[in-house]
Amino acid sequence: MIIGADDLVGDLRRIGVGSGDGVFVHSALSQIGHVIGGPRGLIAALIEAVGEDGLIGMPGFSRDAYDPTGLLDIAVSEDERQRIRAQVPGFDPRLSNVRQNGSVPEAFRSWPGTVRSAHPTSSVLLFGKDAAAIAADHDPLGWATGPQTPWGRLRDRPQMKILLIGVGWNTCSAFHAAESQATVKRAIRRRFKLGTGAGAEWVEAPDVADDLGTYFPQIGAALEAAGGVTIGRIGGAESRLTGYGRLLDFARAWFDRQL
């Protein structure tokens, strides 16, 4: 399937994306088909679909502030660990890539007008009306997707929606925001570099654990069964659209019941 931006806008309209909407997007470009322009084509279509008063969001998770020996579970001496940590670049909102989230967020990161929140591990990428205001003040360091962060503020943005394009509920990072607000949650401590350069401080902060496909698919299936999720196709990709606030409220209640 060869599909261009005009075709994508039509599909976005049919699934329920309208002018003025805010849409937080997770996507697998390869599932759509051969998109003319690649990530650029999809991003342009999303921007056209929501219009001048709309907002596009994508995850900006980065690994640049983490100790790589922890990410790769490498057994090293403490001296070797210190040598490695001194060379960790740290988070830079202009330079830290988001390729772990896919080719579309990585292209979106450098799209003219995209703003990025400043959390070292869990930033948000936003484009459109009020993007800068929502992205500002990504504090505190702990509970990086909590209610006082951009992840939480998106809940209060009118017409804010979650859009999954060719991916499953396991990728839906807004579930982290829901778990952060739950009374019962899987709490861990994350260690990361605060700032850049060899002399930057290493800090530990509380956060919710990575799900790794444990509960997110179950919550998504339960949400679909409860209604309120529109399922359609964007190009060749099975896609899902639901309200951002609806998803957070449903998932938060699920965590409180099940954990």
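Here the structure is a predicted model, which means the values were calculated and not measured. Heavy atoms only: backbone and side chains are in, while hydrogens, waters and symmetry mates are out. If you read the sequence from its start, that first residue is 1, and numbering goes on from there.
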Looking at [X] and [Y], would you say the former's side chain and the latter's main chain have a donor-acceptor pair under 3.5 Å?
| X | Y | answer |
| --- | --- | --- |
| R153 | Q148 | yes |
| D64 | P89 | no |
| H138 | P150 | no |
| S96 | D92 | yes |
| S123 | G60 | yes |

Next on the checklist: Under the side-chain contact (heavy atoms from CB on, under 4.5 Å) test against R85, which residue among K193, R191, E80 passes?
Outcome noted: R191
Next on the checklist: So, applying side-chain contact (heavy atoms from CB on, under 4.5 Å) with L12, which one of L46, L241, V50 is it?
Outcome noted: L46
Item to check | Stepwise side-chain contact (heavy atoms from CB on, under 4.5 Å) test for I134 and M160 | outcome: CA-CA 12 Å; I134 295 171; M160 193 69 205; over 6 Å; no
Each residue besides [X] in its hydrophobic cluster should be listed here, by chain and number; the cluster joins Ile, Leu, Val, Met, Phe, Trp and Tyr at side-chain heavy-atom distances under 4.5 Å.
| X | value |
| --- | --- |
| W202 | V88 |
| W143 | V208 |
| L95 | none |
| V9 | none |

Looking at residues at least two apart in the chain, or sitting in another chain, which of them share a salt bridge (charged side-chain N to carboxylate O under 4.0 Å, His left out) with [X]?
| X | answer |
| --- | --- |
| D211 | R186 |
| R157 | none |
| E48 | none |

Next on the checklist: I need the full list of side-chain hydrogen bond (donor to acceptor under 3.5 Å, both in side chains) pairs touching residues 10-25, with sequence neighbours left out, sorted by first then second residue.
Outcome noted: D11-R14, D21-Q159, D21-K161
Considering residues, nucleotides and ligands other than [X], do more than 12 of their heavy atoms fall under 6.0 Å from its [atom1]?
| X | atom1 | value |
| --- | --- | --- |
| L72 | CG | yes |
| R94 | CZ | no |
| Q87 | CD | yes |

Please tell me if the side chains of [X] and [Y] come closer than 4.5 Å, counting only heavy atoms from C-beta onward.
| X | Y | result |
| --- | --- | --- |
| L8 | I32 | yes |
| S117 | T149 | no |
| F108 | V25 | no |
| R116 | S62 | yes |
| P59 | V98 | no |
| L55 | D130 | no |

Checklist entry - Between D67 and T69, do the side chains contain an N or O donor and an N or O acceptor separated by less than 3.5 Å? => result yes
Next on the checklist: Pair F192, L141 - check side-chain contact (heavy atoms from CB on, under 4.5 Å), show working.
Outcome noted: CA-CA 10 Å; F192 51 86; L141 289 174; 4.3 Å; yes
Next on the checklist: Before you tell me yes or no, could you show the steps for I56 and M58 under side-chain contact (heavy atoms from CB on, under 4.5 Å), namely the whole-Å CA-CA distance, both residues' side-chain angles and the distance that decides it to 0.1 Å?
Outcome noted: CA-CA 7 Å; I56 303 296; M58 296 187 196; 4.2 Å; yes
Checklist entry - Would F127 and I43 satisfy side-chain contact (heavy atoms from CB on, under 4.5 Å), going step by step from the backbone distance to the final call? => result CA-CA 10 Å; F127 174 95; I43 294 167; over 6 Å; no
Item to check | Residues T145, S122; criterion side-chain hydrogen bond (donor to acceptor under 3.5 Å, both in side chains); working and verdict | outcome: CA-CA 7 Å; T145 56; S122 306; over 6 Å; no
Next on the checklist: Salt bridge or not between R99 and E106? Use side-chain N to carboxylate O under 4.0 Å.
Outcome noted: yes
Checklist entry - How would you list all residue pairs meeting ring-ring contact (aromatic ring centres under 6.0 Å, His included) that involve residues 236-259, not counting sequence neighbours? => result Y215-W254
Item to check | Pair listing, ring-ring contact (aromatic ring centres under 6.0 Å, His included) test, anchored in residues 60-98, at least two apart | outcome: F61-W151
Less than 3.5 Å apart, which donor and acceptor atoms pair up between the side chains of residues 162-177 and the rest of the protein, not counting sequence neighbours?
| residue | atom | partner | partner atom | Å |
| --- | --- | --- | --- | --- |
| W169 | NE1 | E224 | OE2 | 2.6 |
| T171 | OG1 | G168 | O | 2.9 |
| S173 | OG | H26 | NE2 | 2.8 |

Give the table of side-chain donor-acceptor pairs shorter than 3.5 Å for residues 228-237, with sequence neighbours excluded, one pair per line with atom names and distance.
| residue | atom | partner | partner atom | Å |
| --- | --- | --- | --- | --- |
| R233 | NH1 | G236 | O | 2.6 |

